[in-house]
Number of protein chains: 2
Amino acid sequence: MPGARDLPHPDAASLVLTDVLFALSDPSRLALVRRLAQGPLEVAACQPAGGEVPKSTLSHHLKTLREAGVVRNVPEGRQRYVSLRREDLDDRFPGLLDAVLGTAPE
Amino acid sequence: MPGARDLPHPDAASLVLTDVLFALSDPSRLALVRRLAQGPLEVAACQPAGGEVPKSTLSHHLKTLREAGVVRNVPEGRQRYVSLRREDLDDRFPGLLDAVLGTAPE
DNA sequence: GGCATAGTTCGATAGTAGTCGAACTATCGC
DNA sequence: GCGATAGTTCGACTACTATCGAACTATGCC
């Protein structure tokens, strides 16, 4: 049974608003979410535009986003794909993501 | 010149999204914001429904909200009135407050 | 002025979050 | 199997946040 290394994700119904807000309240995480709004990325591509960040740091931020239910992180061969849980978020917190993404990045 | 003890407030144009999200990401602060959505309160009335919180703790949360630009805190005689900066927030981050307040409290 | 009231500010402490390097796990290709 | 690659997890350190009591400031009332 290949690929049994799934990470835990909260289900859509149990998302907590304050956790989501907290996950989005970090500039580097928010910037990543903006990019994920345009489509899934593999983890390595989640690096910020300008500089490199240690893998462990990036992984930590992904964990925060994942545990809040903002992103999904699924294994795909040797890599992992990170995607925005847009439908789940829209379903649970209508308009929130649109409002956050609708503001121009600073 | 009576009442020259105004606290600093960021102006509407300079509000930072991540700061606002962080201010709203604390359960007790979010609960207070929900109540402020129904109208201004004096500081003493900002105490959480059930229990009492030390004045210094409450003041700290008000400071976080104020510095993020979420609330306004103005002196009025011996007391202070805390109010939601709804227009400024709607202007700068359209739909955000509605989305946050539209979700039922947990 | 003197006192009570309403809140903020200060200082200390405990818990939590961010950052990084090193170790670990799993997959792919040879 | 062996090595290389892609990420996560662990441990340590630092920085920030929450909480509280005590001190401080300003207003109103007598």
Side-chain angles (χ1 to χ4, degrees), chain A residues 1-10 16 18-33 36 40-48 50-68 70-83, chain B residues 1-10 16 18-33 36 40-48 50-68 70-83:
Chain A
M1 193 180 284
R5 56 197 167 115
D6 298 321
L7 298 170
H9 292 76
V16 176
T18 49
D19 291 349
V20 171
L21 294 174
F22 179 79
L24 297 176
S25 73
D26 179 86
S28 58
R29 287 194 294 259
L30 180 57
L32 174 56
V33 167
L36 288 172
L41 295 171
E42 46 187 84
V43 172
C46 292
Q47 287 284 354
E52 289 287 299
V53 157
K55 297 195 298 182
S56 53
T57 300
L58 181 56
S59 194
H60 168 72
H61 285 305
L62 289 176
K63 183 179 183 181
T64 301
L65 288 167
R66 174 174 54 81
E67 290 181 340
V70 176
V71 305
R72 189 167 276 124
N73 185 337
V74 296
E76 187 84 12
R78 192 163 14 175
Q79 352 191 61
R80 284 171 173 282
Y81 278 94
V82 180
S83 58
Chain B
M1 193 181 284
R5 57 195 166 115
D6 298 320
L7 298 169
H9 292 75
V16 177
T18 49
D19 291 349
V20 171
L21 294 174
F22 179 79
L24 297 175
S25 73
D26 180 85
S28 59
R29 288 195 294 259
L30 180 57
L32 173 56
V33 167
L36 289 171
L41 294 171
E42 48 187 83
V43 171
C46 292
Q47 287 285 354
E52 289 288 300
V53 157
K55 297 195 297 182
S56 54
T57 300
L58 182 56
S59 194
H60 167 72
H61 285 305
L62 289 175
K63 182 179 183 182
T64 301
L65 289 168
R66 173 174 54 80
E67 290 181 340
V70 177
V71 305
R72 189 167 276 125
N73 185 336
V74 296
E76 187 84 12
R78 190 160 22 172
Q79 356 193 61
R80 284 172 174 281
Y81 278 94
V82 180
S83 58

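Here is the naming used below: chain letters follow the sequence lines, and residue numbers restart at 1 for every chain. These values consider heavy atoms only, across backbone and side chains, with no hydrogens, waters or symmetry-generated copies. Just so you know, these numbers come straight off a predicted model, no measurement behind them.
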With a 4.5 Å heavy-atom cut-off, do A:L32 and A:L62 have their side chains touching? yes
Given protein heavy atoms under 4.0 Å, the one-letter contact record of nucleotides 13-22 of chain C, with B base, S sugar-phosphate only and - none, is simply ----SBBBBB
To the nearest angstrom, how far is [X] atom [atom1] from [N] atom [atom2]?
X     : N      : atom1 : atom2 : value
B:D6  : C:dA6  : CG    : C1'   : 16 Å
B:R80 : D:dT25 : CZ    : P     : 14 Å
A:L62 : D:dA6  : CG    : P     : 16 Å
A:R66 : D:dT8  : CZ    : P     : 8 Å

Restricting to nitrogen or oxygen on both sides, can you table the protein-nucleotides 28-30 of chain C pairs closer than 3.5 Å?
none

Once rounded to the nearest 0.5 Å, what's the spacing between atom CG of B:L65 and atom CG of B:L36? 8.0 Å
Under the salt bridge (Lys or Arg N to Asp or Glu O under 4.0 Å) test, which residues partner B:R66, sequence neighbours left out? none
Sidechain-backbone polar pair: B:S25 side chain, B:F22 backbone, donor-acceptor under 3.5 Å: yes
Taking B:R80 for its side chain and B:V43 for its backbone only, find out whether a donor-acceptor pair lies under 3.5 Å. no
Using a 4.0 Å heavy-atom cut-off across all strands, classify B:L7 as base, sugar-phosphate, or nothing. sugar-phosphate
